[in-house]
Amino acid sequence: MTRNDIARLAAERPDFAAIAAWIPKGAAVLDLGCGDGSLLRYLKETRAVRGYGVEINDLDIVSCIANGVNVIQNDLESGLSDFEDGSFDFVILSQTLQATRHTEALIREMLRVGREGIVSFPNFGYWKNRLNVLLGNMPVSSELPYQWFDTPNVHLCTLHDFETFCRDHHVTVLERRVMSGEREVSLLPNLLGSTAVYRFQRGL
Amino acid sequence: MNASNSIGIVSAKRAQFDTPLIFRSGAVLPRYELVYETYGKLNSDKSNAILICHALSGHHHVAGYYAGEPGNIGWWDNMVGPGKPINTNKFFVIGLNNLGGCHGSTGPSSIDPETVQPYGANFPVITVEDWVESQARLADLLGIRQFAAVIGGSLGGMQALQWSLTFPERVRHVLAIAAAPHLTAQNIAFNDVARSAILGDPDFHGGNFYQHNVVPTRGLRLARMLGHITYLSDDAMADKFGRELRDGKFNYNYNIEFEIESYLRYQGDKFAAYFDANTYLLMTKALDYFDPAHHFGGDLNQAFACAKADFLVVSFTTDWRFSPERAREIVRPLLHNRRNVSYAEITSTHGHDSFLMEQPHYFDVVRAYLDNVSRECGK
């Protein structure tokens, strides 16, 4: 991966840079639904992490291997039984939360396997999404690129929803970053942020 | 065969070893020969060598064909060759016939120089560890300190895994395909039935049938028929044969009626005509004994603690002999020991035999992995 590739990825996926900023050098990282392995490769290059990905899609498995990233072909929904308790510093679910069916069980598994969890997801409460629904259509955007009939997203949520979920499930949010494109959002994040990234751990 | 990307004409070589080999069982083989083939060029720092380990009925003729025998194509020719996933333009690839085999390496049908008779029943029972030891001596002879990769399917995958445990410094990558960390009781049971068929054949003569000028064809044939059932999936058999009848009607007798019977008997006869019964017994025992955790109180995590290689583990969805669940038993101790490991589960209808078949996802995975391995190799 060249310096240009890293810069391009950081621009295309602002959540990558946000995630990387939380991860110390040499950390052990598990990336769930790792796609073609871009995030893991980015973290390998920028943070020298010891990383593994979990992915189910055949083409993505080949891409991960070509990217020089460790990948385990498995269905996230069937749990993380291959991974031991506390075997990772961070377990990441990047832009995948909204497409998981057994979301509660998966968050629980993330915090069994990892010391901390990191999730990023498109904020359904973003004003453009709200406007779309208000005007009578399901939102379609760069963060939500699917039509209602072909979307893999079954559990879309807003920032508020996710934070309520965490409170109800004894999950402690450690840090949150909200973005609109590459820009950090601090004012009215549930309205003005298109993407959210959370770092959390098991509640005491 | 696609002639444009075959390695072309190949020939077998023979290596003689005069240092006694001490087997796990304690038996000693004073001297032995291994027959092998090589494809591609060994680079100047000898860092691009790949060892291919064969399965139960395999041998050294992995790729290409012999002069004057264009139909005699290597058993993994679809995988190994110029531009193929195991790319002979980049790697120096070695295939050998394992010790105890019946394709040219010293085995039960070879003449024991001490007695000037075939070894027969006197050939020592061999383990995967013994094979790895003998393969390392071949590597020494070829001047290979460290393999870029050791690759095998099924029993070959077990040898590849064992390489990372016996010689952690001598292998950078292990590709274990359609393999398992040990056989299950069901697997051992299948092997025992196969062995019983051979041992119970009156022509077996306690393993010394050579002197009687007979071959325990019936036993060997039954053993292969049973094995073959377990290598295919239920679905593959249903697709290929279903309940097809040879004559289109029931004949109410015990001759071949269903197509599957015809196929199995054909496979059994073909195999019994060339394979050595003693080798079959040895191979199945090597499978049964393989269990790296055995020396660590059953703890596979401890068994793999010494491994230094990176791993690619591949399984096939319809393989019920070495199922995906068994492959994940290999992956887990590797994760525990923080090895670099990738695992691909290939959707395939061909059962255990899938590892021999050309399938896009499978070949793409192996190609992508080995392309990266070739980039690490020196000049």
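Order of the sequence lines sets the chain letters (A, B, ...), proteins ahead of strands, with each chain counted from 1. Note that this is a predicted model, so its numbers are computed, not measured.
Contact check for B/N301 versus A/E84: side-chain heavy atoms found under the 4.5 Å cut-off. The shortest side-chain heavy-atom distance between B/H361 and A/V62 falls under the 4.5 Å cut-off. Between A/S81 and B/R328, the closest side-chain pair of non-hydrogen atoms falls below 4.5 Å. Between B/L312 and A/I65, the closest side-chain pair of non-hydrogen atoms falls below 4.5 Å.
The part of A/I61 that comes within reach of chain B is its side chain, from C-beta onward, which places non-hydrogen atoms under 4.5 angstrom from that chain. Contact of B/R338 with chain A is made through backbone and side chain together, with heavy-atom distances under 4.5 Å. Neither the backbone nor the side chain of B/D371 has a heavy atom closer than 4.5 Å to any heavy atom of chain A. Heavy atoms of B/V331 lying under 4.5 Å from chain A belong exclusively to its side chain.
Across B/T347, B/V366, B/V313, B/V365, the residue that shares the most heavy-atom pairs under 4.5 angstrom with chain A is B/V365.
Scored by the side chain to side chain contact (heavy atoms under 4.5 Å, CB included) test, A/A196 finds A/F121, A/L159, A/Y198 as partners (sequence neighbours excluded).
We find the CG-NE2 distance between A/D82 and B/H336 to be 14.0 Å, quoted to the nearest 0.5 Å. Note that CG of B/L335 is 6.5 Å distant from CZ of A/F88, once rounded to the nearest 0.5 Å. Between atom OG of residue B/S342 and atom CD of residue A/E55 there is a gap of 12.0 Å, rounded to the nearest 0.5 Å. Remark: A/R50 CZ to B/N340 CG distance equals 9.0 Å, nearest 0.5 Å.
Residues B/N372 and A/A66 approach most closely at ND2-O, 3.3 Å, considering heavy atoms.
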| Working for side chain to side chain contact (heavy atoms under 4.5 Å, CB included), residues B/E345 and A/D58 | CA-CA 9 Å; B/E345 196 170 301; A/D58 285 354; over 6 Å; no
| task | I would like to know whether B/V341 and A/Y52 meet side chain to side chain contact (heavy atoms under 4.5 Å, CB included); could you show each step before the answer? | result | CA-CA 8 Å; B/V341 52; A/Y52 299 87; 3.9 Å; yes
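Within 6.0 Å of NE2 on B/H295 lie more than 12 heavy atoms contributed by other residues, nucleotides or ligands.
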